[in-house]
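What you see below is based on every heavy atom in this structure, not just the backbone, and it leaves out hydrogens, waters and symmetry mates. Treat the numbers as computed from the prediction; the structure is a model and nothing was measured. Within every chain, numbering begins at 1; the chains are lettered A, B, ... in the order of the sequence lines, protein sequences first and strands thereafter.
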Amino acid sequence: MPELPEVETTLRGIEPYLRNAIITNIEVRNPNLRWPVPTKKLAGLIGHEVSGTERRAKYILVHTLQGTILLHLGMSGSLSVLDKNHSVAKHDHIDIEVNASKIIRLNDPRRFGCCLLVKPPVFSHKLLANLGPEPLGADFDGDYLFQQSRSRAVCLKTFIMDGKVVVGVGNIYASEALYRAGLRPTSIAKRVSRVKYRNLAVAIKDILKGAIRAGGTTLNDFTQADGKPGYFKQELQVYGRSGEVCHGCDSIIKSKIIGQRNTFYCPSCQKG
DNA sequence: AGAGGTACCTGGCAGC
DNA sequence: TGCTGCCAGGTACCTC
């Protein structure tokens, strides 16, 4: 479900409720996420104030002076803001209650997400230490991609989905960015030119910004923190469209498994 | 070092 | 209606 735009959309939805809020309770109904949820350690945050929130890659960080809650939504997770005492549904694993009035609720059917407590220095944590640059940051551009790719014999799509290269480009937006840049997902990363990487970097930024503006992509079950769907699905050019006509020419969109993930492209528009 | 495969888990859907 | 098999937005970790 969530790629970078969905995580960013989620953070924007919950941030107003967390800003300077006092954590008044943390309820863990099911600690069996990707890694065991440290219920007791999290309880140590009760009574303390949220000092800030941020996103790094697809992680949401909720800072307090006692430690940082590190949240990941995995494939199927979502966070929503609800009134305290809102009824509990299936897969509602964790509630973070703030100001004794609202709860930030994690629902994650597949339980690939995580909720950990990290002590400073937060960015030295194993999960954060080796991440590549943010795609929307100034240090991510075509020259960087070109330089990183010189020793890489993997498919271009696998390369841009590698979190050590750049974070936040998941399966949907990888296909979309490659389409926008006119590049074949199966091209070998180290054989792609600097000029093409410049186009690709711009395409990645544009796609992600557009998706954030639309509130993310809702395929089956993604909703923003207020329960509304994202509207980027209408703007998808290739993802999920195999067998349909390309919006840019008369060709039929194809799909191919690359790195165990379904990949969509136009054989005519993407020759690079 | 880099490439490729496996594992974690539930739910929805197509096909029988 | 119910069963089976397949697919799904992520990514750490293992082996080669």
* Do Arg34(A) side-chain and dT11(C) base share a donor-acceptor contact under 3.5 Å? -> yes

- Is there a donor and acceptor pair closer than 3.5 Å between the side chain of Arg152(A) and the base of dA3(B)?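 Flag unset: no donor-acceptor pair detected.
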
When you measure from the side chain of [X], which nucleotide among [options] comes out closest?
X	options	answer
Val154(A)	dG4(B), dA12(C), dC9(B)	dG4(B)
Lys58(A)	dG10(C), dC9(B), dG9(C)	dG10(C)
Trp35(A)	dG10(C), dA12(C), dG9(C)	dA12(C)
His72(A)	dT11(C), dA3(B), dG9(C)	dT11(C)
Ile172(A)	dA12(C), dT6(B), dG9(C)	dG9(C)

Can we say [X] and [Y] salt-bridge, meaning some charged N sits less than 4.0 Å from an Asp/Glu carboxylate O?
X	Y	result
Lys58(A)	Glu6(A)	no
Glu15(A)	Arg19(A)	yes
Asp141(A)	Lys205(A)	no
Asp95(A)	Lys84(A)	no

Just how far, in rounded Å, is [atom2] of [N] from [atom1] of [X]?
X	N	atom1	atom2	answer
Arg111(A)	dT11(C)	CZ	P	19 Å
Lys233(A)	dA8(C)	NZ	P	14 Å
Met75(A)	dT10(B)	CE	C1'	11 Å
Asp162(A)	dG2(B)	CG	P	10 Å
Lys190(A)	dA3(B)	NZ	P	8 Å
Phe232(A)	dG9(C)	CZ	P	16 Å
Lys157(A)	dT11(C)	NZ	C1'	14 Å
Asn262(A)	dG9(C)	CG	C1'	12 Å

With rounding to the closest Å, how many angstrom separate the P atoms on dC7(C) and dG5(B)?
16 Å

Nearest-angstrom distance, C1' atom, dG9(C) to dA3(B): 24 Å

Once you apply a heavy-atom cut-off of 4.0 Å, does [X] come out as touching a base, just sugar-phosphate, or nothing?
X	answer
Tyr59(A)	sugar-phosphate
Ser151(A)	sugar-phosphate
Lys164(A)	nothing

Is [X] near enough to [N] that one of its side-chain N or O atoms lies under 4.0 angstrom from OP1 or OP2?
X	N	result
Tyr173(A)	dG9(C)	no
Lys90(A)	dG11(B)	yes
His91(A)	dT10(B)	no
Arg261(A)	dG9(C)	yes
Lys126(A)	dA12(C)	no

query: Is Leu106(A) linked to Val50(A) within one hydrophobic cluster, defined over Ile, Leu, Val, Met, Phe, Trp and Tyr using a side-chain heavy-atom separation of less than 4.5 Å?
result: yes

The residue, Arg110(A) or Gly168(A), whose nearest nucleotide of DNA chain C is more 5′ is Arg110(A)

Worksheet item: Regarding His91(A) and Arg111(A), is there a side-chain donor-to-acceptor distance under 3.5 Å anywhere?
Response: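 No, no side-chain donor-acceptor contact under 3.5 Å.
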
- Query: Would you say the side chains of Lys157(A) and Asn171(A) form a donor-acceptor pair under 3.5 Å?
  - Reply: yes

May I ask whether Phe112(A) stacks on the base of dT11(C), given the cut-offs of 5.5 Å between ring centres and 30° between planes?
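Taking the rule of under 5.5 Å and under 30°, the ring of Phe112(A) does not stack on dT11(C).
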
Base-pair string, DNA chain C, Watson-Crick plus G-U, cut-off 3.5 Å on both distances, | for inter-strand, is .|||||||.|||||||

Could you give the distance from CD1 (Ile103(A)) to CG (Asn25(A)), rounded to the nearest 0.5 Å?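 Going from CD1 on Ile103(A) over to CG on Asn25(A), the span is 10.0 Å.
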
(message) Within 45 degrees of the ring normal and closer than 6.0 Å to the centroid, is that where the cationic atom of Arg150(A) sits relative to Phe146(A)?
(response) yes

